[in-house]
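To find a chain, count down the sequence lines: A is the first, B the second, and so on, and within it residues start at 1.
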Protein chains: 2
Amino acid sequence: MDTQANLRKVGLKATGPRMRILELFFNSDGGHLTAEDVFKRLLDEGEDIGLATVYRVLTQFEHAGLLVRHHFETGRAVFEFNQGDHHDHIVCFQCGRVEEFFDDVIEHRQKEIAEARGFVVRDHALYIYAECTRTDCPHRPGE
Amino acid sequence: MDTQANLRKVGLKATGPRMRILELFFNSDGGHLTAEDVFKRLLDEGEDIGLATVYRVLTQFEHAGLLVRHHFETGRAVFEFNQGDHHDHIVCFQCGRVEEFFDDVIEHRQKEIAEARGFVVRDHALYIYAECTRTDCPHRPGE
DNA sequence: GTATATGCAAAACTTTTGCATCCTT
DNA sequence: AAGGATGCAAAAGTTTTGCATATAC
């Protein structure tokens, strides 16, 4: 991934902090990170970065369409890499794991419902909160 | 509505603040209120109430099943009266109006999707963000 | 070289907690 | 009377902003 080119493409200067943050999301394999998560990881990597910069960059990336901001039930914003494909989320109550899915039936039905009520859909967010029945559920609440 | 009886039913003492807050939601016709909204309305009514109490009572009501807490994209929690019937939301980008709906197809599909992936659904939240095409859209962003 | 981005510190905002007093049962 | 609930103030947690310095182009 040419981080520098990707930043320029969306009209942002290719600065150090921006490149590190974008790479972090690119390498995190669809992970959902809070501003604090990003900040700590960069500190761990030995970066000299400020939390304010992280917040500013995350917001810029959201506006540029590089990241998507979500509001889970924690009250804190989490960000994920925008792979272009829209998808919804299943969040495990027990281990906090987030799995993604996309379903045509649901997507379609939403559009119908909204239009029948005189709305034009611009976006939507569907979160299913569930219990993970898998044996490999790490069961580590609070992380 | 017998506010006093409703509170006792869920095991809470029928105190002044709790009764006022429950009545507020009952009379607000399905309105979605933040803690701050509730606090201000009670102050306007001349109540001597603290914001901390509002937060405590709202959380108690949520646990008791009297209210439902939502996280819209604002970052602040909003509460609504729990009428027992689950429903999802269409939020108008322009006027902020929230319309509710329930759709069996979507409900069913969610259950199927989650179970196919080894999850047992406990709850879910679906928010459709849309533009209101109605002529009576008040168009008052920021309220 | 110039405009923008950054780090730090301080502020703003939402929510929680400690504690003395008050109220419900 | 006893225990829980309240208001106030202070704290904790998240996000934003002001400003001097540093960096990208």
Side-chain angles (χ1 to χ4, degrees), chain A residues 2-24 32-64 66-67 69-79 142-143, chain B residues 2-24 32-43 45-64 66-67 69-79 142:
Chain A
D2 187 344
T3 311
Q4 206 158 320
N6 274 39
L7 285 172
R8 294 230 181 81
K9 204 182 300 175
V10 297
L12 292 172
K13 280 189 191 170
T15 66
R18 287 189 185 139
M19 291 199 284
R20 306 281 153 49
I21 293 175
L22 187 54
E23 274 160 16
L24 194 73
H32 295 72
L33 305 175
T34 65
E36 193 73 24
D37 291 337
V38 172
F39 180 57
K40 282 190 186 143
R41 292 200 190 189
L42 292 183
L43 285 188
D44 286 351
E45 288 179 12
E47 289 302 322
D48 176 23
I49 196 167
L51 183 53
T53 299
V54 173
Y55 274 102
R56 278 186 287 235
V57 170
L58 290 176
T59 300
Q60 290 161 351
F61 283 6
E62 182 197 11
H63 291 151
L66 295 171
L67 297 179
R69 182 194 302 250
H70 298 285
H71 285 95
F72 292 85
E73 50 181 17
T74 63
R76 303 186 306 176
V78 298
F79 296 82
E143 207 251 313
Chain B
D2 187 344
T3 312
Q4 207 158 319
N6 273 39
L7 285 172
R8 296 229 181 81
K9 204 181 300 173
V10 297
L12 292 172
K13 281 189 190 169
T15 67
R18 286 191 185 137
M19 291 199 284
R20 306 282 153 49
I21 292 175
L22 187 53
E23 274 160 15
L24 193 74
H32 297 71
L33 306 175
T34 65
E36 193 72 24
D37 291 338
V38 171
F39 180 56
K40 281 189 187 144
R41 291 201 191 187
L42 292 182
L43 285 188
E45 287 179 13
E47 290 300 322
D48 177 22
I49 196 167
L51 183 54
T53 299
V54 173
Y55 274 103
R56 278 185 289 237
V57 170
L58 291 176
T59 300
Q60 291 161 352
F61 283 5
E62 182 197 12
H63 292 150
L66 295 171
L67 297 179
R69 184 194 301 250
H70 297 284
H71 285 94
F72 291 85
E73 51 181 17
T74 63
R76 301 186 307 175
V78 299
F79 297 82

Per-nucleotide protein contact string for nucleotides 20-25 of chain D (B base, S sugar-phosphate only, - none; heavy atom under 4.0 Å): ----SS

Value rounded to 0.5 Å, distance of CZ in B/R56 from CG in B/L51: 10.0 Å

Bend angle of the helix from C/dG1-D/dC25 to C/dT25-D/dA1, from helix axes over five pairs at each end, nearest 10°: 40°

From A/L12 atom CG to A/Q4 atom CD, the distance as rounded to the nearest 0.5 Å: 12.5 Å

N/O donor-acceptor pairs under 3.5 Å from side chains in residues 35-42 of chain A, not counting sequence neighbours:
| unit_1 | atom_1 | unit_2 | atom_2 | d |
| --- | --- | --- | --- | --- |
| A/D37 | OD1 | A/T34 | OG1 | 3.3 |
| A/D37 | OD2 | A/T34 | N | 2.9 |
| A/D37 | OD2 | A/T34 | OG1 | 3.1 |

Spacing of CZ belonging to A/F79 relative to CG belonging to A/L67, to within rounding of 0.5 Å: 7.0 Å

Residues that B/R8 engages under side chain to side chain donor-acceptor pair (under 3.5 Å), provided they are two or more places apart: none

A/R69/A/T59 under side-chain contact (heavy atoms from CB on, under 4.5 Å): CA gap, chis, key distance, verdict: CA-CA 9 Å; A/R69 182 194 302 250; A/T59 300; 3.2 Å; yes

Exercise: do B/T3 and B/R20 side chains pair donor with acceptor under 3.5 Å: no

Close approaches to DNA chain D from residues 36-43 of chain B, in residue order (heavy atom, under 4.0 Å): none

Phosphate OP1/OP2 of D/dA5 contacted by B/R18 side-chain N/O (<4.0 Å): yes

Closest non-hydrogen atom pair between B/L22 and B/N6, with its separation: CD2-CB, 4.2 Å

Residue pair A/L58, A/V54: steps toward the side-chain contact (heavy atoms from CB on, under 4.5 Å) verdict: CA-CA 6 Å; A/L58 290 176; A/V54 173; 3.7 Å; yes

For atom CG of A/L58 and atom P of C/dA5, their distance in whole Å: 15 Å

For atom CZ of B/R69 and atom P of C/dT16, their distance in whole Å: 6 Å

Heavy-atom donor-acceptor pair, B/R18 side chain to B/K13 backbone, under 3.5 Å: yes

Between C1' of D/dT16 and CZ of B/R76, the distance in whole Å: 15 Å

Proximity to DNA chain D (any heavy atom under 4.0 Å), residues of residues 45-57 of chain A only: A/L51, A/A52, A/Y55, A/R56

Step-by-step side-chain contact (heavy atoms from CB on, under 4.5 Å) determination, B/L33 to B/L24: CA-CA 10 Å; B/L33 306 175; B/L24 193 74; 4.0 Å; yes

Nearest-0.5 Å distance that lies between atom CD in A/Q60 and atom CG in A/L7: 9.5 Å

Length of the line joining B/M19:CE and C/dC23:P, which is rounded to integer Å: 13 Å

Nearest-0.5 Å distance that lies between atom CG in B/D2 and atom CE in B/M19: 9.5 Å

Rounded distance in Å - CD (A/Q60) to P (C/dT6): 7 Å

